[in-house]
Student: 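Structure provided below as structure tokens; questions to follow.
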There are 2 protein chains.
Amino acid sequence: MSLSIKDVAKLAGVSVATVSRVMNKKVFVKEETTKKVLDAIEKTGYKPNAIARSLKVKNTKSIGIIIPDISSHFFPDVVRGIEDIANEYSYNIILCNTDLNREKEKEYFDVLVEKQVDGIVYMSNTITDEIADKMASVGIEILLISTDYKELSSITIDNVKAAEDAVKYIISKGVRDIALIGGEMTDPNAGLPRFNGYVKALSEAGISINKDYILEGNYKYESGYEGAKKLLSLKQRPRAIFAASDEMAIGVIRAGLESGYRIPDELMVVGFDDIDMSRMVYPSLTTISQPLYEMGCEGMKLLAKKLHGEKVEQFKIVLEHKLIIRESC
Amino acid sequence: MSLSIKDVAKLAGVSVATVSRVMNKKVFVKEETTKKVLDAIEKTGYKPNAIARSLKVKNTKSIGIIIPDISSHFFPDVVRGIEDIANEYSYNIILCNTDLNREKEKEYFDVLVEKQVDGIVYMSNTITDEIADKMASVGIEILLISTDYKELSSITIDNVKAAEDAVKYIISKGVRDIALIGGEMTDPNAGLPRFNGYVKALSEAGISINKDYILEGNYKYESGYEGAKKLLSLKQRPRAIFAASDEMAIGVIRAGLESGYRIPDELMVVGFDDIDMSRMVYPSLTTISQPLYEMGCEGMKLLAKKLHGEKVEQFKIVLEHKLIIRESC
DNA sequence: TTGTAAGCGTTATCAG
DNA sequence: CTGATAACGCTTACAA
């Protein structure tokens, strides 16, 4: 069936060492010999066995990606960014979906270690000490995206500032009754900081916080829809709603439209993420753009550098967010 | 650094063979010995090297997925389906994005072969004889999703029937001026059959084909939007538009709304795919549901079975589509 | 029930 | 410049 370096060596009339040498072109081989070998490879259609190679050289040119769920709107773009750069550096990616399940996470982590991946990109749960220890104990390079932990490399955005920017923009439109449909307060990566940014913007504008205007969602469409229904039925309804995710914001838009409000004239809505969908809905969504693709790229670049033993000055990178003004506010 | 089976053997006071045996539990090992070994593993935190194992047993428990682009709305769900089942069978997935680029496709294919994946799920370009030969020449199991080729295993839906169902539904609403924004006619997987289904439904209803009502798109939002603008400016505009993808249909909705048409009262629109977004837009999209997740699952199940040497009676599976009636028609 | 040893397909060291 | 050959870490006859 599949043939090995031996077969090529035999056909070319040289030793296996020589075949290996021409393939890896680190050592000089006489032109004539090279040609013989190349011919033999061509003729046989030989493909080197990367597994055997990995066993010897102790790297696999594979990196693992641990995410909650590739079907969530957030991840495909960043995975794509990772993959593009990984490909440039000749790495392949092994994709793992954890559903935020600690058990699955641990299992995948173990498998990745056993499969000897060169590095892991992690953007699942928030990191616990236990996980961190585990990561440290195996000698694998780790990169965090959208989360952070002590001395580990990470790519993030400034969520406080981003939320603040969003709310300040709304305020600049002359609106003061601004509600928030946030993430879970127990989520230190996005839920909490975005809430803080909201509070900060309001405070700085001298607007007092209205408890009734603050709801907790789970980033999903439905929770935005439900939240907005609730908000809109308040005696004193908000004139603008800031949602901590685009999906929720799109739920808000529907709730508003269903209730007969014109957007943005009677109800402004601002989202967060700038997922693909946000430019397609009608009215299109004003939102905070997280540079998803770029986060993947920068993350993988950083990882690749560390893998190649390059000194990296900055191993905690905070990328710029951007306010994208569309029709909804 | 990372320790090997030898270290465990030494600590447990047994041979490496014994350690291997307790780990793979295919051969019986005395309970007492087993315990010693397990203790040693526990104590050292030993993790077997899957690469070394693979080299010996000649399988990697990895399968490659070749797709155009994980950021396209179509793929995350099916990839998720594949991964879920793969995980059940203890496979990991290596994700490859080709952008429909033949060159990249070939490169990835080679790498996957070199990395000795046990199987490949392919849903990129349409298969050419050249690719098919390549696939056949290496001994790797191939599974096609959303495309088909001779004797290769495949998971598809009946695109002709699906498009026909969509258009018949529109007709059943009493509308006869139905336009199509289709895929490329050169795309035998989706573009052509959906066009055929459209024609078939019209013909069977005795409606004559109006050339002006047939446009070619590229499945993307923009091409739906542009197409609809064109259609809507016809002297005799269509009363319904069937788009061969949800993204295009969502573009159609915006174009319609922008032009002041009420949907569905003045303009009906039906999409294709039932991507996540289609239930979130307003008005929500009536569409043909492709069982994306299920396609991934069924595909991976089929692949796993073949990999395990099980006889599979059916290696060309056609999954059921479904008309999902929402607000747009 | 367990140990010895021969590979799996490469790379890398060491001679020549 | 090239050929032998010893690893890499594991599994699996074959013996014991």
Side-chain angles (χ1 to χ4, degrees), chain A residues 1-38 40-41 44-62 90 110-111 113-118 138-139, chain B residues 1-38 40-41 44-62 90 110-111 113-118 138-139:
Chain A
M1 172 133 308
S2 89
L3 57 198
S4 84
I5 198 173
K6 271 188 198 159
D7 305 295
V8 178
K10 196 172 301 171
L11 183 62
V14 300
S15 74
V16 296
T18 300
V19 176
S20 172
R21 282 192 274 255
V22 341
M23 296 198 36
N24 299 308
K25 44 186 93 191
K26 295 274 84 183
V27 186
F28 202 84
V29 179
K30 214 201 310 178
E31 184 142 354
E32 196 189 321
T33 324
T34 304
K35 198 158 174 318
K36 281 194 300 189
V37 173
L38 259 20
I41 291 178
T44 55
Y46 164 73
K47 297 252 186 317
N49 181 327
I51 296 295
R53 170 164 219 284
S54 288
L55 181 57
K56 185 67 187 169
V57 301
K58 291 171 169 336
N59 70 237
T60 52
K61 287 295 182 181
S62 297
S90 305
D110 284 344
V111 179
V113 171
E114 293 181 7
K115 290 204 171 172
Q116 317 290 122
V117 295
D118 298 340
V138 302
Chain B
M1 171 132 307
S2 90
L3 57 200
S4 85
I5 197 172
K6 270 188 199 159
D7 305 295
V8 177
K10 196 172 302 170
L11 183 63
V14 299
S15 74
V16 297
T18 300
V19 176
S20 171
R21 282 191 273 256
V22 341
M23 297 197 36
N24 298 308
K25 45 187 94 190
K26 295 273 84 180
V27 186
F28 202 84
V29 179
K30 213 202 309 177
E31 184 141 354
E32 196 190 321
T33 325
T34 305
K35 198 159 174 319
K36 281 194 298 189
V37 173
L38 259 20
I41 291 179
T44 55
Y46 165 72
K47 297 252 185 320
N49 182 325
I51 297 295
R53 171 166 218 283
S54 288
L55 181 57
K56 185 67 189 171
V57 302
K58 290 169 168 336
N59 69 235
T60 53
K61 287 295 183 184
S62 297
S90 305
D110 284 343
V111 179
V113 171
E114 293 181 7
K115 291 205 171 171
Q116 315 290 122
V117 295
D118 297 342
V138 302

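Residue numbers begin at 1 in each chain, while the letters A, B, ... track the order of the sequences.
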Student: Starting at CG of Leu3(A), measure out to CD1 of Ile41(A) and round the result to the nearest 0.5 Å.
Tutor: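 These two atoms lie 10.0 Å from each other.
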
Student: Partners of Val111(B) by side chain to side chain contact (heavy atoms under 4.5 Å, CB included), sequence neighbours excluded?
Tutor: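 By the side chain to side chain contact (heavy atoms under 4.5 Å, CB included) rule, Val111(B) matches Asn92(A), Lys115(B).
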
Student: Output the residues of residues 28-37 of chain A in contact with DNA chain C, where contact means a heavy atom of the residue under 4.0 Å from an atom of the strand; sort by number or write none.
Tutor: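 By residue number: none to list.
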
Student: Give the residues of residues 12-27 of chain B touching DNA chain D, defined as any heavy atom closer than 4.0 Å, sorted by residue number.
Tutor: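 Only Ala17(B), Ser20(B), Arg21(B), Asn24(B) qualify.
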
Student: Restricting to pairs with a member in residues 9-19 of chain B, which pass side-chain hydrogen bond (donor to acceptor under 3.5 Å, both in side chains), not counting sequence neighbours?
Tutor: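 The answer is Ser15(B)-Thr18(B).
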
Student: Counting only non-hydrogen atoms, which of residues 47-56 of chain A are less than 4.0 Å from DNA chain D?
Tutor: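 Going residue by residue through residues 47-56 of chain A, the ones with a heavy atom under 4.0 Å of DNA chain D turn out to be Leu55(A), Lys56(A).
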
Student: Taking only residues two or more places apart in sequence or in another chain, which ones pass salt bridge (Lys or Arg N to Asp or Glu O under 4.0 Å) with Lys35(B)?
Tutor: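 Applying salt bridge (Lys or Arg N to Asp or Glu O under 4.0 Å) to Lys35(B) gives Asp39(B).
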
Student: For a quick test of reading the model, state the closest non-hydrogen atom pair linking Asn59(A) to Ser54(A) and the distance between them.
Tutor: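 Minimum heavy-atom separation between Asn59(A) and Ser54(A): O-OG, 3.0 Å.
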
Student: Atom NZ in Lys58(A), atom OG in Ser2(B): separation rounded to 0.5 Å?
Tutor: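 Those atoms lie 6.5 Å apart.
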
Student: Heavy atoms only: give me the nearest Thr34(A)-Val29(A) pair and the separation to one decimal.
Tutor: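 For Thr34(A) versus Val29(A), the nearest heavy atoms are OG1-O, 3.3 Å.
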
Student: Going by the rule side chain to side chain contact (heavy atoms under 4.5 Å, CB included), which residues pair with Val16(A) if we only count those two or more places apart in sequence or in a different chain?
Tutor: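 Scan of Val16(A) (side chain to side chain contact (heavy atoms under 4.5 Å, CB included), adjacent residues dropped) gives Ile5(A), Lys6(A), Ala9(A).
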
Student: Test of understanding: with side chain to side chain contact (heavy atoms under 4.5 Å, CB included), list the residues that count as partners of Lys30(A), not counting sequence neighbours.
Tutor: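 Partners of Lys30(A) by the side chain to side chain contact (heavy atoms under 4.5 Å, CB included) criterion, ordered by chain and then number, come out as Glu32(A), Thr33(A).
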
Student: Checking Val27(B) now: which residues fulfil side chain to side chain contact (heavy atoms under 4.5 Å, CB included) with it, not counting sequence neighbours?
Tutor: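 Per chain and number, Val27(B) pairs via side chain to side chain contact (heavy atoms under 4.5 Å, CB included) with Arg21(B).
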
Student: Would you find a donor on one side and an acceptor on the other, under 3.5 Å apart, between the side chain of Thr44(A) and the backbone of Val8(A)?
Tutor: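 Not at all, since once roles are kept as given, no pair shorter than 3.5 Å links the two residues.
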
Student: Quick one: closest heavy-atom pair of Thr60(A) and Asp118(A), and the distance?
Tutor: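 Scanning both residues, the minimum pair turns out to be N-OD1, 2.9 Å.
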
Student: About how many Å separate NZ of Lys56(A) and CD1 of Ile51(B), when rounded to the nearest 0.5 Å?
Tutor: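 That separation rounds to 15.0 Å.
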
Student: Roughly what angle, to 10°, lies between the helix axis at the start of the helix from dT1(C)-dA16(D) to dG16(C)-dC1(D) and the one at its end, five pairs per end?
Tutor: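 Roughly 40°, once rounded to the nearest ten degrees.
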
Student: Going 5' to 3' along DNA chain C, which are the first and last nucleotides with any atom under 4.0 Å from a heavy atom of chain A?
Tutor: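 Taking any atom under 4.0 Å from a heavy atom of chain A, the span is dG9(C) to dT13(C).
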
Student: With a strict under 4.0 Å distance from non-hydrogen atoms of chain B, what nucleotide opens and what nucleotide closes the contacted stretch of DNA chain D, reading 5' to 3'?
Tutor: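 Contact boundaries, 5' end first: dG9(D) to dA13(D).
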
Student: Any non-hydrogen side-chain atom of Arg53(A) less than 4.5 Å from a side-chain atom of Pro48(A)?
Tutor: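 No. Closest side-chain heavy atoms not under 4.5 Å.
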
